[in-house]
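Notes follow the structure.
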Amino acid sequence: MAAPKNYQRRGKLVLLYTLLGTLWEIGRGQIHYSVPEESDKGSFVGNISKDLNLESQELVKHGVRIVSRGRTQLFALDWRTGSLITAGRIDREEICTQSTQCLVNINILVEGRGKLFGIEIEITDINDNNPKFQVENLEVKVNEIAAPGTHYPLPEAVDPDVGMNSLQSYQLSPNHYFSLEVQTGDDGTLHPELVLEQALDREEEAAHHLLLIASDGGDPRRSSTVHIHVTVLDTNDNAPVFTQPIYRVKVPENVAPGTLLLTVSASDPDEGANGEVAYRFWKISEKQSPLFHLNENTGEISTAGSLDYEECAFYEMEIQAEDVGALLGRTKVLISVEDVNDNRPEVIITSLFSPVLENTLPGTVIAFLNVHDRDSGKNGQVVCYAPQNLPFQLEKSIDNYYRLVTWNYLDREKIPMYNITVTASDLGTPSLSTEIHITLYVADTNDNPPTFPHASYSAYIPENNPRGASIFTVMAHDPDSGNNAQVTYSVTEDIIMGSPVSSYVSINSDTGVLYALCSFDYEHLRDLQLLVTARDSGDPPLSSNVSVSIFVLDQNDNVPEILYPTLPTDGSTGVELAPRSAERGYLVTKVVAVDRDSGQNAWLSYRLLKASEPGLFTVGLHTGEVRTARALQDRDALKQSLVVAVQDHGQPPLSATVTLTVVVADSIPAVLADLGSVRTSANSDDSDLTLYLVVAVATVSCVFLAFVIVLLALRLRRWHSTRLLQASGGGLVGVPASHFVGVDGVQAFLEKYSHKVSLTADSQANHEIFPHPNYVDTLISLESCEKNDPLLTSVDFHECKDEAASIQQAPPNTDWRFSQAQRPGTSGSQNGDETGTWPNNQFDTEMLQAMILASASEAADGGSTLGGGAGTMGLSARYGPQFTLQHVPDYRQNVYIPGSNATLTNAAGKRDGKAPTGGNGNKKKSGKKEKK
């Protein structure tokens, strides 16, 4: 029996623990705090982070926030400490009016966990309000015949506080005629009454002044007072009496201002003026007073403002009727406001998790919605729903909150964005509804690999392509977005004919363009098989492959190769034998050729390009067979030479030729004789060529020897002229020739700078003109600076007075001519005009200037004046003795001699006593002067 009892006890314990666990889970969903009213802003309410099992620094991370609706947010979160604090001063009386317990409910949303927590905060009351009378002065009329013990109601004080902080007691100032009696109502309300203690005598004292004090029970105690003025009246023995002790009326909240609600009525059996009754509000709150109007004469109560069930659903007031004799009657009016469905539901998006990943599991929370209707009853009951054709549904959460969750998988590639319409409808009649639109974006995940439009590709490229040529473009499409759709291309490594595929082609990783890295040869490689990989940039990356076949197209890049007849290795010509008895169409031989190309580029055709005897042989166009076109005759030559051309059909066509020697003979000895004659003829041709070469070399040698002899003769003549000039110039004997640049250079220097000197080899007369001296650029000898030798020592300056005039130098003749072959230049055939102008070719001009400078250098060495001979300017050695300066203009006047400041002039003409003719001179006159 003990065992069954133990089992029963254990079962009861398990049931008890289960019940306690369930209660604990229910209790965990509601967190309770309390805070006194009128606390300063930022006052501590509760530790949210601790109660939610979160660290204070995790509040922002998990998106913890207050989502309760309301016009004014009473509380806030302190992110630093993780505490719930007050957002401002809280007035309990404004929030909960006269309610004994004031509770405020808020909701805390933890977005990171997708959970809502309900928080209940109790606002505790403090004694912050004084009991308050509606009037500060009250007049009470008492008939003098009133019997002692008569009660007169006094105004009540109102204290919005609750509990001990509310109104607790009344006190009356001491008086011999009146006392205070406080009645307690069923709801605990205190009603003060003035009690007559002894009879009054108006003639003794017509008025009495009393002070009524109302006090609460708070700490510190608060109170307020009202002054009561008691007026003693004459006799009036009937008080007004209302027809009903309590008036009740129901009115819809949408009544217009001025609508009559009800009429209170009181009767007074007295006659005359004592029977006239006046109505007034006796007890009404400050908030209710502006909403209602009471007609003092008729007792009609009407609305003075708009009623709102959501603001206040019930009004209570007291009406007093008073006659002229100060007799009073009171009644209570209760007004109930009926709700009308005049408010549409309100839908607030508390939290929205957008965008949402497309791989989100069903049941994931997308948004929190708060639904509220200010109406009551069925008018305030709201039903919320979403379209059923979308992968979302609404679920009821705590209080008036709904959760929008997924019930199916999402696919961004199909629908990247949803426009969700949420409809909230109340149950009123007629029903009111509200719609909100939620835009939800679906975020991409890398769930699609790149795809190619085709399973394989074929590309064609002609052979002999340039390196880097574009071959083909592959393109893969990835329906994802962002980095998940960025595709990169690569070629899978492979070995093709012993080389890696990367040595043949490469691919642009961004565009998918295939490039050739080498020049393909159709005869070596005809096709390539590649595997191209397209990979996206997602995490993890996805890829796909496609096969690409690259075919090399043949080009006509190979010349036909003749296989037969082949040339003998000893250098002789191949010989074919044809008997003299051969008839027309006799097959002499066949030319065999091949072409390494393919297709049309390898189609060969044969034709007879040249024959020693036309019309004797024919060549087959496609066979290459050499046949006789007619019967051989005795008059035909023994040796027939044929040139056969083999041509392909490519674009452009390429061809090769072969030379055939056909010997017409009937016997072998005749054939050998013919071959010997062929060799002898070849040797005689070689000997003739050798003779021609020997004659040409001997001719060139003779011409060169003649040129050297003429050059030596010109040099000797020049040397002889120089000796004569030195012998005639006495003042120049002591100066070595190497100290001068030359007589021409001295004259150019003197003409350009200090003075002008005319020197001739056959005259002792010198003419000198001295302008203003210029010693800046003076051409002097290098050794004269050291020895101080005079430049010119024996010059007769007195004889220059007897000269009639100095010899003037004529301008250079511009009408010079020489043939195209005589013009200086690199080839002697420079294209130029025939007017004798300077060549436009810069290279020829520099060559001529270089030769002139070389001649000037020779003159500077003292060996001679400028030039290799008279009027040759040193050019005869290069261009032959026929090239002289007689027909060449003098360009030395613009030639700069390195190492000096002088400018070369045509000193040779002056030295010979000849003035060059002008640009428009006559050639015949010039010739006469030369003869003289």
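In this text, all values refer to a predicted model and were calculated from it rather than measured experimentally. The chain is numbered in sequence order, starting from 1. Computed over heavy atoms, backbone and side chain alike; hydrogens, waters and symmetry mates excluded.
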Quick check: does any side chain N or O of [X] sit under 3.5 Å from a backbone N or O of [Y], one acting as donor and the other as acceptor?
| X | Y | value |
| --- | --- | --- |
| Ser458 | Ser549 | no |
| Asp536 | Thr488 | no |
| Arg580 | Gln633 | yes |
| Tyr606 | Val626 | no |
| Ser481 | Asp444 | no |
| Glu358 | Arg412 | yes |
| Asn446 | Pro540 | yes |
| Ser506 | Ser502 | no |
| Thr492 | Leu531 | yes |

Side chain to side chain contact (heavy atoms under 4.5 Å, CB included) assessment of Asp447 paired with Asn359
CA-CA 9 Å; Asp447 56 345; Asn359 60 352; over 6 Å; no
4.5 Å side-chain heavy-atom contact, [X] and [Y]:
| X | Y | answer |
| --- | --- | --- |
| Leu660 | Phe617 | no |
| Arg630 | Asp636 | yes |
| Val658 | Pro565 | yes |
| Ser547 | Gln529 | yes |
| Asn601 | Asp557 | no |
| Thr473 | Thr511 | no |
| Glu523 | Glu463 | yes |
| Leu608 | Val644 | yes |

If you measure only the distance, is there a donor-acceptor pair under 3.5 Å linking the side chains of [X] and [Y]?
| X | Y | answer |
| --- | --- | --- |
| Asn464 | Ser519 | no |
| Asn558 | Asp595 | no |
| Ser605 | Gln647 | no |

State the [atom1]-[atom2] distance between [X] and [Y], to the nearest 0.5 angstrom.
| X | Y | atom1 | atom2 | answer |
| --- | --- | --- | --- | --- |
| Ser612 | Leu642 | OG | CG | 6.5 Å |
| Thr628 | Gln640 | OG1 | CD | 11.5 Å |
| Ile471 | Ile550 | CD1 | CD1 | 4.5 Å |
| His524 | Arg596 | NE2 | CZ | 10.5 Å |
| Asn545 | Arg535 | CG | CZ | 8.0 Å |
| Leu525 | Ser499 | CG | OG | 9.5 Å |

Which atom pair, heavy atoms only, marks the closest approach of [X] to [Y]?
| X | Y | value |
| --- | --- | --- |
| Asp597 | Gln555 | OD1-O, 3.3 Å |
| Ala656 | Val559 | CB-CG1, 3.9 Å |
| Pro653 | Asp648 | CA-OD1, 3.4 Å |
| Tyr457 | Val474 | CD1-CG1, 4.3 Å |
| Pro449 | Asp478 | C-OD2, 4.1 Å |
| Val442 | Leu357 | CG1-C, 4.4 Å |

How are the rings of Phe520 and Tyr504 set to each other: parallel, tilted or perpendicular (split at 30° and 60°)?
parallel
Arg584, CZ atom: more than 12 neighbouring heavy atoms under 6.0 Å
no
